[in-house]
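Comments concern the structure below.
For clarity, every value in this text was computed on a predicted model and none was experimentally measured. Chain letters run A, B, ... following the sequence lines, proteins first, then strands; residues in each count from 1.
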6 protein chains.
Amino acid sequence: MDKSALQKGRAYAAQNLTPNLEEILSERYDDLVPGMSESLIEWGYGRHYCREGLDAKTRQICTVAALTVLGGHTAPQLKINIEHALKSGASKKEIAEAIWQMAVYGGLPAAINGLNSAKEVFDAQKT
Amino acid sequence: MDKSALQKGRAYAAQNLTPNLEEILSERYDDLVPGMSESLIEWGYGRHYCREGLDAKTRQICTVAALTVLGGHTAPQLKINIEHALKSGASKKEIAEAIWQMAVYGGLPAAINGLNSAKEVFDAQKT
Amino acid sequence: MDKSALQKGRAYAAQNLTPNLEEILSERYDDLVPGMSESLIEWGYGRHYCREGLDAKTRQICTVAALTVLGGHTAPQLKINIEHALKSGASKKEIAEAIWQMAVYGGLPAAINGLNSAKEVFDAQKT
Amino acid sequence: MDKSALQKGRAYAAQNLTPNLEEILSERYDDLVPGMSESLIEWGYGRHYCREGLDAKTRQICTVAALTVLGGHTAPQLKINIEHALKSGASKKEIAEAIWQMAVYGGLPAAINGLNSAKEVFDAQKT
Amino acid sequence: MDKSALQKGRAYAAQNLTPNLEEILSERYDDLVPGMSESLIEWGYGRHYCREGLDAKTRQICTVAALTVLGGHTAPQLKINIEHALKSGASKKEIAEAIWQMAVYGGLPAAINGLNSAKEVFDAQKT
Amino acid sequence: MDKSALQKGRAYAAQNLTPNLEEILSERYDDLVPGMSESLIEWGYGRHYCREGLDAKTRQICTVAALTVLGGHTAPQLKINIEHALKSGASKKEIAEAIWQMAVYGGLPAAINGLNSAKEVFDAQKT
C-alpha cells in the first residue's frame with residue numbers, strides 16, 4: 001500500500017463527502033476520546049469506502065439499507081448517509097426504494113422510520 | 001396495475017430466482033400457516049423486487065448487506081440471498097465487499113459471520 | 001379467495017382501526033414510494049390481521065409485546081398499535097401487563113420505554 | 001403480599017410448566033452463578049407470569065411473538081416457550097398465527113425462523 | 001440468605017445510587033403496573049448489582065458498554081447508568097473509553113450515539 | 001504517534017492474545033477480502049484495545065457483556081473473547097457475573113445463551 005489507510009480515507013472524505021468531516025468530528029469528540037476523528041476516517045473511509053470491488057454509489061445505498069434495518073435509533077447516521085448517497089450519485093428514487101424494500105427484512109416499523117428520515121433529508125434540500 | 005402483485009411476484013421468482021420457490025415454501029409451511037407461500041411471493045417479490053426505480057442486482061446486494069447487520073441468526077436467509085444476488089448478476093467480489101463494509105455499521109462480529117456465510121455459499125458452488 | 005387480500009385489508013382497517021388509514025399513508029408516502037399505502041394495507045391487514053386462527057385482540061397484544069422488545073426506536077409504531085389494541089378490545093391493564101412482562105425477554109430498558117409509550121397514549125386519551 | 005415472589009414463582013412453575021424446572025436450572029447454572037435458578041424463578045414466574053391482569057395463555061403467546069422478533073438466536077428459549085404456550089392452553093394454530101404475524105414487525109427472516117422452531121416442537125410431540 | 005433480595009436491593013440503591021429511587025419509580029409506574037418499583041429494585045439491584053464476584057464499578061462499566069451496543073433507543077437508561085458509573089467510582093475517561101470501544105462490536109453508529117449520551121451527562125454536571 | 005495503529009495492534013495481539021491471530025484471519029479471509037486481517041488488527045487492537053484510559057481486563061469484560069446482549073448469534077465471537085478475557089486476567093467468576101448481569105439489560109434469553117457459551121469455554125479448558 002503506497003498511501004496509508006488514514007491518508008486514503010482523508011482524501012476520500014474530502015473529495016467525495018464533506019471536506020472538513022474530520023475537523024467536525026475532532027471538535028466534537030477528540031477531547032473526550034483522543035484520536036477518535038482520525039480513527040473513524042481511517043477505518044470507515046480508508047479501510048472501507050475507498051476499497052476496490054464495489055462502486056461508491058452501491059456502497060452508500062447498502063449503508064442506507066443497513067441503517068434502515070438497524071432501526072430508527074440510528075436515524076442521525078441514516079440521514080448523514082442519505083446525504084452521502086446523494087453525493088455518490090444515487091437518486092432520491094433509488095434511495096427511497098432501497099429503504100422501502102427493507103420492510104421485507106427488518107419489518108414495517110424500521111422501513112417507515114427509514115422513509116421518514118429520507119423525507120426529512122429531501123425536504124431540507126428543497127429549501 | 002394490469003397484473004396483480006401476486007402474479008407479478010410469481011413471474012419474477014420463476015424467471016429470476018428459483019422456478020418452484022412457491023411450491024417449496026408451500027410444501028414446508030402452508031399446512032401450518034395456510035396461504036403463507038402465496039403471501040410471501042406477493043409481498044417479497046410482487047410488492048418489492050419487481051418494483052421500478054432500483055435495479056434487481058442492487059436490490060439483492062442491499063438485502064445481503066441488511067441481513068449481515070441483522071446478525072448471524074438470519075444466516076439461512078443470508079445464504080439464500082447470496083445465491084439470489086449471484087443470479088441477479090452480482091459478482092462474488094461485490095457480495096464480499098458489501099458484507100465486509102457492514103463491519104462499520106453493524107460491528108465486526110456481524111461482518112465476520114456474514115463472510116462465513118458467503119464462504120459457505122461460494123465453496124458449495126465450486127463442487 | 002373470494003376477495004383479494006387488498007380488499008380484505010381495506011375492509012379490516014376501515015371497520016376496526018382508522019377509516020382513512022390508507023389515505024393518511026398515501027398522502028405521506030406514495031409520492032416517494034408509489035403504491036406504498038396500498039401495499040401496507042394488503043400485507044399488514046389483508047394478509048395478517050384478518051387471518052383466521054387467532055382473534056384480533058390477541059394479535060394486537062402480541063404486536064404491542066413485539067414492538068416493546070424491538071426497542072424504543074419503534075415508539076411511533078408502538079403508540080399506534082397501543083391505540084389499535086384498545087380499539088380491538090384490550091384493556092389498559094392488559095396492555096400494560098403485556099409490556100411489563102417483556103422485561104423478562106427484552107430487558108428492563110425496553111420494558112420501561114414501552115411503559116412510557118403506554119403512559120403517553122393513555123394520558124392523551126384522558127384529555 | 002402474603003407469599004413472597006419466590007414462593008409464588010415456584011408454585012406457578014410447578015403447577016403449570018415443568019415441576020422440576022428450578023432443579024434443572026440449578027444443576028446446570030448454580031455452580032457458575034450461585035442462586036441463578038432461584039433468581040430466575042422469582043423474577044420470571046413470581047414477578048411476571050403469576051401477575052394478575054392478563055391471562056397466562058395470552059402471556060405465553062406474547063412471549064412467543066416477542067422471541068420471534070428478537071430473532072433466531074433465541075431459538076432455544078422460543079422452543080421452550082412454545083411448549084409452555086401449549087401447556088397454557090394455546091392451540092398450535094394460535095401459536096403459528098402469532099409467529100407468522102411477526103413478519104410484519106420483525107421481517108420475514110425472523111418469522112420464518114420462528115415457524116421453523118414451531119415445526120420442530122410440533123413434530124417432536126407427534127412421535 | 002439472611003436478608004431477602006428485595007431488602008438487599010433497597011439497601012444497595014439507597015447507599016450507592018439514588019436514595020429515593022424506588023419512590024421515583026413507584027410514583028411513575030406503580031399505578032399502571034402494581035409492584036413494578038419493588039420488582040425492579042429486587043431484580044436489578046438485589047439480584048444483580050449487590051452480588052459478589054465482580055466489583056460494582058466494573059458492573060456499571062459493563063452496563064454502559066451493553067446499553068451502548070443495544071443502540072441509541074436506550075439512551076435514557078444509558079444516561080442514568082453513566083451517572084451510576086460515576087457514583088460507583090468510574091472516571092469520565094473510563095466511561096468514554098468503554099463506549100468508544102463498542103464501535104468494534106456494535107458498529108460506529110451505536111458508539112457515536114453512546115458518546116453523545118456521555119457528553120450530555122458530563123456537560124450537565126459541569127453546570 | 002510514533003508507531004502506526006497497525007504496528008501497535010500487531011504488538012498487542014501477539015503479546016496478549018494469540019501470536020498468529022493475523023495469520024489465522026489472513027488465511028481464512030484475505031483471499032475473499034484482500035487486507036481484511038490487517039484491517040481488523042489495526043482497528044480492533046491498534047485503535048481500541050491498546051488505547052490508554054481503561055485497562056485491558058476491563059475492556060475484555062465489557063466486550064463479553066456487550067456480545068452477550070447482542071445475542072446468541074455472536075456466540076463464536078463471544079467464546080473467543082471469553083478466552084481473551086481469561087488471558088487478560090479476568091477470573092471465570094468475574095466473566096460469569098458480567099454475563100449473568102446482562103439479564104437485566106438484554107433479557108434472560110441473551111444471558112442464558114451467554115452462560116452456555118461460557119460453560120463451553122470453561123469446560124473445554126478443563127480437558
Side-chain angles (χ1 to χ4, degrees), chain A residues 5 9 12 39-71 73-74 76-78 80-81 84-85 88-108 110-111 114 118, chain B residues 5 9 12 39-71 73-74 76-78 80-81 84-85 88-108 110-111 114 118:
Chain A
Y12 181 90
S39 175
L40 186 152
I41 297 291
E42 180 186 66
W43 168 244
Y45 298 102
R47 286 295 193 181
H48 290 278
Y49 280 91
C50 65
R51 287 179 61 86
E52 294 180 356
L54 189 67
D55 61 284
K57 178 181 149 183
T58 307
R59 285 187 186 276
Q60 279 292 163
I61 294 177
C62 283
T63 296
V64 167
L67 291 172
T68 297
V69 294
L70 280 172
H73 64 88
T74 56
Q77 288 78 30
L78 177 55
I80 289 167
N81 278 284
H84 289 180
S88 303
S91 69
K92 291 181 185 180
K93 180 60 119 187
E94 288 172 315
I95 291 167
E97 288 294 326
I99 292 172
W100 175 236
Q101 183 180 319
M102 291 306 112
V104 181
Y105 301 102
L108 278 174
Chain B
Y12 182 91
S39 175
L40 186 151
I41 297 290
E42 180 185 64
W43 167 244
Y45 299 103
R47 285 295 192 180
H48 289 277
Y49 280 92
C50 64
R51 286 180 62 86
E52 294 180 355
L54 189 68
D55 62 285
K57 177 181 149 184
T58 307
R59 285 187 185 277
Q60 279 293 161
I61 294 177
C62 283
T63 296
V64 166
L67 291 172
T68 297
V69 294
L70 280 172
H73 62 89
T74 56
Q77 288 79 30
L78 177 54
I80 290 167
N81 278 284
H84 289 181
S88 303
S91 67
K92 292 182 184 179
K93 178 61 117 187
E94 288 172 316
I95 291 167
E97 288 293 326
I99 292 172
W100 175 236
Q101 182 180 319
M102 292 305 113
V104 181
Y105 301 102
L108 279 174

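- Both the backbone and the side chain of A:A103 come within contact range of chain B, with heavy atoms under 4.5 Å apart.
- Of all non-hydrogen atoms in A:H48 and B:Q101, the two that sit nearest each other are ND1-CA, 3.5 Å.
- In terms of non-hydrogen atom pairs under 4.5 Å with chain A, the most contact-rich of B:L40, B:T58, B:T63, B:V64 is B:T63.
- With a threshold of 4.5 angstrom between heavy atoms, A:Q77 does not approach chain B through any atom at all.
- Between A:C62 and B:I61, the closest heavy-atom pair is SG-CG2, 3.4 Å.
- Residues B:M102 and A:A66 share a closest heavy-atom pair of SD-CB, 3.4 Å.
- In terms of heavy-atom proximity, A:Y105 sits nearest to B:N81 at OH-OD1, 3.7 Å.
- Without hydrogens or angle criteria, B:E97 side chain to A:R51 main chain gives no donor-acceptor distance under 3.5 Å.
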